[in-house]
2 protein chains.
Amino acid sequence: MSKKRQQLIDTALQLFYQRGINSVGINEILAVSGVAKKTLYNHFTSKEELVLATLKQRNDNFITWLDMSLKETNSDIEVVNKLFNGLFAWFSNSAIELGNFRGCFFINTSAEFSDPTSNISQYCRDHKLQVRQLIAQYLSQSNTELLDTICVLKEGAISMAYVNHDLSMPAKCIKIVEKLL
Amino acid sequence: MSKKRQQLIDTALQLFYQRGINSVGINEILAVSGVAKKTLYNHFTSKEELVLATLKQRNDNFITWLDMSLKETNSDIEVVNKLFNGLFAWFSNSAIELGNFRGCFFINTSAEFSDPTSNISQYCRDHKLQVRQLIAQYLSQSNTELLDTICVLKEGAISMAYVNHDLSMPAKCIKIVEKLL
DNA sequence: CTGTTGGTAGACCGCTCAGTATACTTTTGT
DNA sequence: ACAAAAGTATACTGAGCGGTCTACCAACAG
């Protein structure tokens, strides 16, 4: 992997996540990263290809962070606790690996790209599936009902943290799952 | 209210919701609505003002639809049933008043406009508050815990319907609340 | 009958966009 | 040591953007 290529991905991810993909132009990414335009088009054939690379990078970062957050859990309720405490840390900018919170990059990107069959929209869907499967790995047995509950609460908590500016949901989600178990 | 003004709002809402605000130009709205550019700038001083008018229109449509959906409920569980069955109808394009489902217009718009202090982002937040208060009105007593639960499940169900293409969540949310009551 | 109001049609402005082209320099593998 | 590969800097293209402007038209009220 080229160093310049990685510079471009890091800069683009930062700008895309903080301001939205359609609000950030190629020229700004070049100015901030200090890379020449020809170098960018040497590594990526189009803006879309760069976008896909940033989605992959963010997915890797997120999965790594989540995997770390869920490590060493001995019960389902502990998984739930670590998951939602992790989300709260993310929302309140205490998870430095994930950057300044501006919602879920994949939800935001899905909102910007309306064609559900595009590579970009499909990748966003795939990311959500990967997160679901990672959570499933940490639950004691294959419990689809609990898994569904956790996932829908997680998506709700993310959405309300970003749109409503309500950071209280992770704590409430833990209480909800406690009652259900 | 002028007829031309309403034509512009209706056309803009349709295009903005289906494709995203930053992906739809003024000229396209004019071409589709059949209105002259000067007429648009006679009614709205800028694109942003037109965007705010479409948000208000969508909010009115949504609140009206939800109010209709929740009418004549005699218990909290009935409210929950009608709410999530209503959401399922929306997701599966059976709520014609809400148009072809492409997620929540306010979540999508928040994703596109990154400044949380902008009028647009603030209106999106306000919409969510209005929906919450409408649901609260239909619950038998002031039950913040139940209200929070319903709201977080609702946001999760909307997000998963759009991003994950998973329409099964409304039914699962009903079961979750049933267990909790 | 005429002046105001609100509309149409479309040219135009300055700017930004994604992407290409040119000419030169640096790095690197053998 | 030197050719090939990779990077820099920058000008440019064609298209689209939001927004302004001019000129003309139709309806209607005094």
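Letters A, B, ... are given to chains in the order of the sequence lines, protein chains preceding strands, and every chain is numbered from 1.
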For atom [atom1] of [X] and atom [atom2] of [N], their distance in whole Å:
X	N	atom1	atom2	answer
B/Leu8	C/dG7	CG	C1'	12 Å
B/Leu15	D/dC17	CG	C1'	16 Å
A/Tyr41	D/dT13	OH	C1'	13 Å
A/Ile26	D/dG16	CD1	C1'	17 Å
B/Asn27	C/dT16	CG	C1'	15 Å
B/Lys3	D/dA26	NZ	P	17 Å
B/Leu40	D/dG19	CG	P	9 Å
A/Asn42	D/dA9	CG	P	16 Å

Main chain of [Y], side chain of [X]: is a donor-acceptor contact present, judged purely on distance under 3.5 Å?
X	Y	result
B/Thr64	B/Asp60	yes
A/Ser69	A/Trp65	yes
B/Glu28	B/Val24	no
A/Asn81	A/Ile77	yes
B/Asn59	B/Leu55	no
B/Thr54	B/Val51	yes
A/Ser110	A/Phe106	yes

Ring geometry between A/Phe101 and A/Phe91 (parallel below 30°, tilted from 30 to 60°, perpendicular above 60°): tilted
Under 4.0 Å protein heavy-atom contacts per nucleotide of nucleotides 25-30 of chain C, with B for base, S for backbone only and - for none: ------
Phosphate contact (D/dA5 OP1 or OP2) by A/Ser2 side-chain N/O below 4.0 Å: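 No, no such contact exists.
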side-chain N/O B/His43 vs C/dG6 OP1/OP2, d < 4.0 Å: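 Result: no.
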Ion pair A/Glu145/B/Lys175, N-O distance below 4.0 Å: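 No, this pair does not count.
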The single option from B/Phe105, B/Tyr17, B/Trp90 passing ring pair (Phe, Tyr, Trp, His ring centres under 6.0 Å) against B/Phe62: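 Of B/Phe105, B/Tyr17, B/Trp90, ring pair (Phe, Tyr, Trp, His ring centres under 6.0 Å) with B/Phe62 is met by B/Trp90 alone.
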Residues which pass salt bridge (Lys or Arg N to Asp or Glu O under 4.0 Å) with B/Arg102, listed by chain and number, not counting sequence neighbours: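 Once residues adjacent in sequence are excluded, B/Arg102 has no partner under the salt bridge (Lys or Arg N to Asp or Glu O under 4.0 Å) criterion.
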Taking every non-hydrogen atom, the tightest pair across A/Asp76 and A/Ser140: OD1-N, 2.8 Å
Qualifying residues under side-chain hydrogen bond (donor to acceptor under 3.5 Å, both in side chains), relative to B/Ser23, sequence neighbours excluded: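 Applying side-chain hydrogen bond (donor to acceptor under 3.5 Å, both in side chains) to B/Ser23 gives none.
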Close approaches to DNA chain C from residues 28-38 of chain A, in residue order (heavy atom, under 4.0 Å): A/Lys37, A/Lys38
Within residues 44-57 of chain B, residues whose heavy atoms come under 4.0 Å of DNA chain C: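 Within residues 44-57 of chain B, no residue comes under 4.0 Å of DNA chain C.
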Other residues, nucleotides, ligands: >12 heavy atoms within 6.0 Å of A/Ile96 CD1: no
Within residues 115-122 of chain A, residues whose heavy atoms come under 4.0 Å of DNA chain D: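 Going residue by residue through residues 115-122 of chain A, none turns out to have a heavy atom under 4.0 Å of DNA chain D.
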